[in-house]
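See structure below.
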Amino acid sequence: SWNLFDPCAETVSAQETREKGSAADAVDVRRRSKAQVAERMQTEKELLQRLGIFADWRGIRPTLEARYEARLLDGFGALMEQGFLTKDSKPSYWCVECQTILTTDELVHRPRKSAAAYVRFPVRAGLERLGVNVSLMVWVVELWALPAGIAVALPKDGSYVAVEYEGDILIIEEETAQSVLESADLPIIERLDASELLECTCSHPLVDVELPVVHCQMNGAPRRGTGLFLAVPGHNQDDYVVRLEHNYRIVSIIDDDGRLTEDAEAYCGLGVFDASQHIALHLDNLGYLMLADPVELPYPHCWTCESPAVFRPADQWMFDPAKKRLAARAAQALQG
């Protein structure tokens with residue numbers, strides 16, 4: 001078969017329909033999409049023939065044929081009836097332009113500057129002996145994701161200090177205190193054990209919620225900054241381990257069109273990559289923004305339209321081969 005699945009073609013077809021002033025009718029979009037991919041298939045076939053590639057070109061059946069699609073639907077229905085398929089919301093990379101989930105093979109990593117910053121999270125409970133104005137200094141990878149934070153996470157091998165900075169007490173990892181705050185004579189009040197920080201809770205600087213402080217086993221690349229980071233498992237793949245370890249619910253603030261939802265409160269309706277500058281300004285006005293630290297990182301982009309992808313929960317069909325011992329039965333059948 002000739003695999004012609006291309007969500008970008010559907011997006012272009014829907015856009016063309018809207019530009020003509022009519023609603024994006026599903027039947028018309030499908031018809032236009034099939035015409036696009038059929039034309040591309042013919043062009044690709046001619047190029048392959050010019051290269052001298054031999055094949056039964058008349059016997060090739062594209063996946064867009066109705067009978068091929070019908071067989072796929074029949075197979076899908078059979079799996080569903082037997083209980084092998086379940087629908088669940090799982091974080092995946094999403095292309096806003098193509099309106100589709102992207103697999104690992106459909107991602108291209110390119111350098112991109114993230115809107116990272118050091119943000120103060122006031123301690124709400126715990127560490128009372130240090131006074132009233134005590135804050136955790138947390139590194140936030142993307143400021144637009146700040147409203148979706150569920151916890152402040154500590155790597156399991158970190159060591160921390162309480163330092164005095166401009167009249168406040170900041171909690172920061174000892175090795176990074178001097179470099180981040182750029183002060184050679186920064187007075188250290190005392191050294192803290194990580195277990196004591198785990199008994200604290202802190203206030204979210206933007207929304208009225210109380211965040212726990214948790215341990216996290218870091219499996220990805222080492223974090224920059226303060227040794228304390230904001231866990232956003234709904235929008236950061238590296239943070240998903242926090243949700244798995246502590247069984248927290250996932251908070252999502254991005255819709256299909258790449259705009260912040262009502263869960264982002266005051267930033268609802270802003271484009272995902274435009275919201276960071278508004279959030280930075282608000283944090284600065286509130287006195288919570290310590291230092292903006294844009295950093296260039298490899299960032300996933302859609303392989304089709306080359307736009308940046310966002311990590312967000314999306315409804316997906318999950319196939320579970322463990323049900324009814326399907327995997328074991330298949331392996332046994334192959335051996336016998």
_Ring centre gap for Trp144 and Tyr267 strictly below 6.0 Å_ = no

*asked:* Please check this pair: side chain of Trp94 against backbone of Asp256, looking for a donor-acceptor N/O pair closer than 3.5 Å.
replied: yes

*Would you say Asp74 has more than 12 foreign heavy atoms packed within less than 6.0 Å of its CG?*
yes

*asked:* Side chains of Trp139 and Val295, heavy atoms from C-beta outward: is any pair under 4.5 Å?
replied: yes

*Could you check if a side-chain atom of Ile188 sits within less than 4.5 angstrom of a side-chain atom of Glu164, using non-hydrogen atoms only?*
no

*Between Ile279 and Leu206, does a side chain to side chain contact (heavy atoms under 4.5 Å, CB included) hold up when you go through it step by step?*
CA-CA 9 Å; Ile279 291 176; Leu206 292 181; 3.7 Å; yes

*His282 atom NE2: more than 12 heavy-atom contacts under 6.0 Å*: no

*What's the shortest heavy-atom distance between Ser252 and Thr261, and which atoms?*
O-OG1, 3.9 Å

*From CA spacing to verdict: salt bridge (charged side-chain N to carboxylate O under 4.0 Å, His left out), Glu190, Arg129*: CA-CA 11 Å; Glu190 65 175 275; Arg129 69 177 188 281; 2.6 Å; yes

_Side-chain donor or acceptor of Glu81 paired with backbone N/O of Ala78 under 3.5 Å_ = no

*side chain to side chain contact (heavy atoms under 4.5 Å, CB included) with Val213: which of Leu154, Val123, Thr201?*
Leu154

_I need the minimum non-hydrogen distance between Ile253 and Ala264, along with the two atoms involved._
CG2-N, 4.1 Å

*Would you say Phe121 and Ser135 make side-chain contact, with heavy atoms under 4.5 Å?*
no

*Quick check: does any side chain N or O of Arg312 sit under 3.5 Å from a backbone N or O of His235, one acting as donor and the other as acceptor?*
no

*State the CG-OH distance between Leu170 and Tyr118, to the nearest 0.5 angstrom.*
13.0 Å

_If you compare all heavy atoms of Ala117 against all heavy atoms of Leu289, which two are closest, and at what distance to 0.1 Å?_
CB-CD1, 3.7 Å

*asked:* Take a 6.0 Å sphere around CZ of Arg50 and say whether it holds more than 12 heavy atoms from other residues, nucleotides or ligands.
replied: no

*Start with the C-alpha distance between Phe229 and Val141, add both sets of side-chain angles, then the distance that settles side chain to side chain contact (heavy atoms under 4.5 Å, CB included), and finish with yes or no.*
CA-CA 8 Å; Phe229 67 93; Val141 182; 5.9 Å; no

*asked:* Is it the case that atom CD in Glu210 sees more than 12 heavy atoms from other parts of the structure closer than 6.0 Å?
replied: yes

*Polar side chain donor-acceptor pair, Ser195 to Asp193, under 3.5 angstrom*: yes

*Taking Asn285 for its side chain and Leu281 for its backbone only, find out whether a donor-acceptor pair lies under 3.5 Å.*
yes

*Grab the two heavy atoms, one from Val119 and one from Pro205, that are nearest each other, plus how far apart they are.*
CG1-CG, 3.9 Å

*Can you find a heavy atom in the side chain of Leu260 that is under 4.5 Å from one in the side chain of Cys268?*
no

*State whether the number of non-hydrogen atoms from other residues, nucleotides or ligands found under 6.0 Å of Arg71 atom CZ is greater than 12.*
no

*For the side chain of His204 and the backbone of Ala151, is there at least one donor-acceptor N/O pair under 3.5 Å apart?*
no

*asked:* Between Pro111 and Glu296, is there a side-chain heavy-atom distance shorter than 4.5 Å?
replied: yes

_Distance in Å, Met290 CE paired with Leu283 CG, rounded so as to fall on 0.5 Å steps_ = 12.0 Å

*Answer yes or no: does atom CD of Glu39 have more than 12 heavy-atom neighbours from other residues, nucleotides or ligands under 6.0 Å?*
no

*asked:* When you measure from the side chain of Gln335 to the backbone of Ala333, do you find a donor-acceptor pair of N or O atoms at a distance under 3.5 Å?
replied: no

_Gap between atom CG of Leu136 and atom CD1 of Ile172 - 0.5 Å precision_ = 11.0 Å

*Would you give the length of the straight line joining atom OH of Tyr93 to atom CG of Leu102, rounded to the nearest 0.5 angstrom?*
10.0 Å

*Within-4.5 Å side-chain heavy-atom neighbours: Ile150 and Val232*: no

*With a 4.5 Å limit on heavy-atom distance, are the side chains of Leu211 and Leu230 in contact?*
yes

*Indicate yes or no for a side-chain donor-acceptor contact from His301 to the backbone of Tyr299 under 3.5 Å, with no hydrogens or angles considered.*
yes

*So which heavy atom on Cys95 is nearest to which on Cys305, and how close?*
SG-SG, 3.4 Å

*Going by the angle between their ring planes, with limits at 30° and 60°, are Trp317 and Phe76 parallel, tilted or perpendicular?*
perpendicular

_Within this structure, what is the CD-CD distance for the pair Glu46 and Gln49, rounded to the nearest 0.5 Å?_
7.0 Å

*What distance do Ile171 atom CD1 and Ile189 atom CD1 have between them, rounded to the nearest 0.5 Å?*
9.5 Å

*Could you tell me whether a side-chain N or O of Arg120 sits under 3.5 Å from a main-chain N or O of Gly287, the two making a donor and an acceptor?*
yes

*Go through the steps to decide whether Val161 and Glu173 satisfy the test side chain to side chain contact (heavy atoms under 4.5 Å, CB included), and finish with yes or no.*
CA-CA 6 Å; Val161 294; Glu173 189 179 34; over 6 Å; no

*Could you pull out the closest heavy-atom pair between Leu130 and Ile169, with the gap in Å?*
O-CG1, 3.8 Å

*asked:* Are Thr103 and Glu106 packed together at the side-chain level, in the sense that at least one heavy-atom pair is separated by less than 4.5 angstrom?
replied: yes

_Steps toward side chain to side chain contact (heavy atoms under 4.5 Å, CB included) verdict (His215, Leu198)_ = CA-CA 7 Å; His215 258 328; Leu198 296 176; 3.4 Å; yes

_Between Glu142 (side chain only) and Ala115 (backbone N and O only), is there a donor and an acceptor less than 3.5 Å apart?_
yes

